[in-house]
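All remarks here apply to the structure that follows.
Just so we're on the same page: letters track the sequence lines, and every chain starts at 1. The model shown is predicted, which means the values in this text are computed figures rather than measured ones.
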Protein chains: 2
Amino acid sequence: MVSIKDIAKRCGVSTATVSKALNGQPDIGEETRERILHLADELGYMANATARALKTNRSYNVGVLFVDPMHGGLAHEFFSTVLDGIRSEAEKHGYDITFINRNVGSRQTSYLQHCRYRGVDGVVIASADFNDPMVTELVQSDLPVVTIDHIFNNRISVMSDNMQGMEELVRYAASKGHRKIAIIHGELTGVTQNRLTGFHRACEEFGITVPEEWIREGVFHDPASCQRITKELLAMPERPTCIFFPDDYSWIGGYNAIRDAGLKVPQDISAVGYDGIPLSRIMSPVLTTWRQDTEKLGTIAADRLIEQIEHPRTVILDREIVTGSLQSGGTVGEIQTR
Amino acid sequence: MVSIKDIAKRCGVSTATVSKALNGQPDIGEETRERILHLADELGYMANATARALKTNRSYNVGVLFVDPMHGGLAHEFFSTVLDGIRSEAEKHGYDITFINRNVGSRQTSYLQHCRYRGVDGVVIASADFNDPMVTELVQSDLPVVTIDHIFNNRISVMSDNMQGMEELVRYAASKGHRKIAIIHGELTGVTQNRLTGFHRACEEFGITVPEEWIREGVFHDPASCQRITKELLAMPERPTCIFFPDDYSWIGGYNAIRDAGLKVPQDISAVGYDGIPLSRIMSPVLTTWRQDTEKLGTIAADRLIEQIEHPRTVILDREIVTGSLQSGGTVGEIQTR
DNA sequence: CTCCTCTGCGTAATCGTTTAAGTGATACAT
DNA sequence: ATGTATCACTTAAACGATTACGCAGAGGAG
C-alpha cells in the first residue's frame, strides 16, 4: 500500500510535511500542500487507521455492548434497530463500530479488557445485565460510556420514555371506556419498573383499580408465555375488557389465545402492545401500541458518546429522554354498555 | 495502560523476551516464561491490538459489507440473522467485525478504501448491489472475500439453496392437490432467479402449467405490494388455489388481502411463504414455508473467510450450499374436489 | 583442548503515523 | 548591523508490539 513515505519521496519532502499537509496543519506552504494533496490523490493514498491510532491513541472506533442471552442476539428487532441508529450516526462522524464481547484471540477476558485491546474510544451499552460485575466494571472505567435504558451515576444515559408511554396508553384505553384492565409485563428490569409506574399512575388518575391477579409477569418478546397467561386471564370468573401486553411481538401469542377462546378483538376484548414494530401496523386489526423511536435511541446515544469523546470537558451529565408516539389502532374498541 | 515494556522492566528482561514468552515462542526458558506470564496476569496486561496489527499486518478484524437501501439496514431480519452468525463465528476465532461503508473520517471513499483504512483481514459481502462498481472493485481486490447468495469467479460463496427450497415447496403444494398455483416473486436478483428456476422445474415435474398473469413481480419484505398484487390475483376470473409469496413477512400483506376478500385460509385459498422467520410459526394458521438456515449462512461464511485468511494456500474454490428445511403448516390445505 | 551445536536471551530495526522541537531563510523593526 | 519574528520545512522520537539476527555460555563430540 502507498504510504506517507512514498508521497514524501516523490514530492521531495519529509514525511512530516506530508502528514501535516494531509491533516491541514497551518505551517505548510500553499504550493507544497497542493502538490502533496494531488499526488496523494493520484496514488490513491489512504491513511492507515492502525498506525494513526497507535500514535494518537484515538481509534475512531466505538464499542457496542449488547448481551441478551435470552432472546437471541442481533435478531432481536429492538436491538437491531438501536444498532442501526448507532451505526448510522457513528458513520456520519467517521467512526466505526466494534461489538464488545469477552473473547480476545482464544482467551476469555472481560468486556473492559476487550475494549482496551481494541482501543475503542468509548462504548454504548445497549442491552445487558446491568448487574453483571463485568458490565459495572466497564461502566466504572475511565472510558466514555453511554447507556441505553438504564441509569448509572455520573454516566450519560439515553432512555425511552417508558413511563409516559404507558400513561398515554392507559389514557387511551380509559378514553374508550375501559375500566377493567389487565397487564402482562416483562421481566422486572428498570424498563419494566418504569412502565408499571406509568401504568399505575395513570390508572390512579382515572380511578381505576387493578386487582393483583390481573398484574402478571410474562417474558418480553415471547409469544408463548403471553399466550399461556392470556389464556389464564380469560378463564377467570371476572374477565378484564382490555389487556396490555409486554410488547407487540408477544401480542401475537395473546391474540392466538383470544381467538382460541372464541373471542374477537376488539369486540369482545381489547388489546394494547408496546414498541410499535412494523408488524403492529400490518397485522389486522392494527394494534394499539406505543411506538418507541428506537432508532433515535441509537442515534442519540452515539451522538452523545462522540460528543463526550471529542469534547470531554463540555459534557454535563446528560439524561436524554426519547419520546415515542401513540399509535392507536382497532385493537382497542369502545366499551359497549350493555 | 500496562505494556510489554512495563513487564520487561519489572522482570529484568527485554521486551523481545516478554513478547516471545507471551506468544509461546519456543526459545524462552521455562522459568522465565512462568515469571513473565505471572506478572502479566498480575498487572492485568492486555495486548494492544493496534500495535500488533501495525507490525504484523493482521488486524483480526473482518469487514462485513451490507447495503440494502430499499429495506432499511440491519433491522431486516434476514440480514441481522446472517450477521449474528458471522459475529458469533468470528468471535469464536478471536476476530472482531467492522461494518464497511463509504466514509472514512469526513471523506467519502470506496468500500475497498475503507477496508484498507481499517486493515481488515477479509470481507464478507452479505447483501449488496452486486453490480455496483464499488462492490466489484472489492471483489476483485486481493483481499480474502466470501460472498453470500451470489457467485463471483474465483471467489468463495455461500448460498442458500433457493432452487431446492422452491422445488420442495411446489412438491408439497402439489401433494396437497394444488394444480393452479400463482407466484409473487421478489425483485429479479440472482436469488429470485434461482427460486423461479426451482419453481418452474418442479411445476414441470408435476405437469403444472402456470399462466403468465399468475407470475408476478413484487417486492421482497414488502407487505403492501403483496397485498395489492394478491388482491389483483383474487379478482381474476380464473383464480389460483394456492399463492406463493416472496417471503414470510410480505405474506402478511397477502393475508390481509385474502381476508378482505372474504376468503379463508386454507379453506378457500392456500398460501406459501419463504424464509421461516419465527413469525411464520407463531401466526395462525402456521405458514407453510421454507426455513432457510440463515444463521448458518453467516457462520459458514465467516468460517470460510477465516480459513482463507489463515491458510491462503489450502483453500480451493469453494461453493458451499446451505440447505434449509420444509416447514409445513396449515396454510396449505387439501384441495377439495367439489 | 578445540570445535560445534543448542539454549536462552538481548539488540535493534521496523510497521505508518504524529508532533515537539529545531533549523535556515527571509523580512522587518530598531 | 543586530535582534526578532515569521514561515516552511526537517529531524527525530515516540506509540506498542514483532522478529531477524547476534551472541554468550553450556554441553557434548572428537
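Summarising the geometry, the separation between CD1 on Ile4(A) and C1' on dA14(D) is reported as 15 Å, rounded to the nearest angstrom. Atoms CD (Gln25(A)) and C1' (dT18(C)) sit 9 Å apart, rounded to a whole Å. As a whole-Å value, the separation of Glu34(B) CD from dG8(C) C1' is 16 Å. The nearest whole Å value for the distance from the CG atom in Leu22(A) to the P atom in dG16(C) is 15 Å. At whole-Å resolution of the value, CG in Asp6(B) and C1' in dA17(D) are 13 Å apart. Summarising the geometry, the separation between CZ on Arg35(B) and P on dG8(C) is reported as 14 Å, rounded to the nearest angstrom. The CE-C1' distance, from Met1(B) to dA17(D), rounds to 16 Å in whole Å. Rounding to whole angstrom units, CZ of residue Arg58(B) and C1' of dG16(D) are separated by 18 Å.
Contact check for Gln308(A) versus Val146(A): side-chain heavy atoms found under the 4.5 Å cut-off. Val18(B) is not listed as a side-chain neighbour of Cys11(B), based on a closest heavy-atom distance of 4.5 Å or more.
More than 12 heavy-atom neighbours from other residues, nucleotides or ligands sit within 6.0 angstrom of CG on Asn23(A). For Arg10(A), the CZ atom counts as loosely surrounded, since its 6.0 Å shell holds 12 or fewer non-hydrogen atoms of other residues, nucleotides or ligands. Within a 6.0 Å radius of CZ in Arg107(B), other residues, nucleotides and ligands contribute 12 heavy atoms or fewer.
Residues Glu31(B) and Leu54(B) both approach DNA chain C. Their nearest nucleotides, taken by heavy-atom distance, put Glu31(B) toward the 5′ side. Each of Thr17(B) and Thr50(B) has a nearest nucleotide on DNA chain D; the 5'-most of these lies closest to Thr50(B).
Contacts of Asn57(A) with the nucleic acid, taken as non-hydrogen atoms under 4.0 Å apart, are absent. Among the protein residues, Gly12(B) comes within range of the sugar-phosphate backbone only, with heavy atoms under 4.0 Å from sugar or phosphate atoms but none that close to a base. The residue Ile28(B) sits close only to the backbone: its heavy atoms come under 4.0 Å of sugar-phosphate atoms, none of a base. At the heavy-atom level, Thr56(A) lies under 4.0 Å from the strands shown only through sugar-phosphate atoms. Nucleic acid contact for Ala47(A): sugar-phosphate only, since backbone atoms but no base atoms lie under 4.0 Å from a heavy atom of the residue.
Between Tyr117(B) and dG16(C) there is no side-chain polar atom (N or O) within less than 4.0 angstrom of OP1 or OP2. Between Ser19(A) and dT17(C) there is no side-chain polar atom (N or O) within less than 4.0 angstrom of OP1 or OP2. The side chain of Thr15(B) contributes no N or O atom lying less than 4.0 Å from OP1 or OP2 of dG10(C). Contact between the side-chain N/O atoms of Asn48(A) and the OP1/OP2 oxygens of dC15(C) is not found at any separation under 4.0 Å. Using a 4.0 Å cut-off, no side-chain N or O of Lys55(B) falls inside it from OP1 or OP2 of dG16(C). Regarding contacts with the backbone of dG16(D), every side-chain N or O of Ser3(B) stays at 4.0 angstrom or more from both OP1 and OP2.
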Sugar-phosphate or base contact per nucleotide [nucleotides 20-26 of chain D; S, B, -; heavy atom under 4.0 Å]: -------
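Inspection of the Glu34(A) and His38(A) side chains reveals no N or O donor paired with an N or O acceptor under 3.5 Å.
Axis angle across the helix from dC1(C)-dG30(D) to dT30(C)-dA1(D), with five pairs used at each end and values rounded to 10°: 60°.
Listed here is the closest heavy atom pair of Leu138(A) and Val145(A): O-CG2, 4.0 Å. Shown here for Ile148(B) and Phe130(B), the closest heavy-atom pair between the two residues is O-CZ, 3.9 Å.
A side chain to side chain donor-acceptor pair (under 3.5 Å) with His114(A) is found for one member of Asn103(A), Thr98(A), Asn101(A), Thr109(A) and no other, namely Asn101(A).
Remark: side-chain polar atoms of Asp121(B) are paired, donor with acceptor, to backbone N or O of Tyr60(B) under 3.5 angstrom.
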Asp132(A) vs Tyr111(A), side chain to side chain contact (heavy atoms under 4.5 Å, CB included): CA-CA, chis, key distance, verdict: CA-CA 11 Å; Asp132(A) 183 343; Tyr111(A) 298 129; 4.1 Å; yes
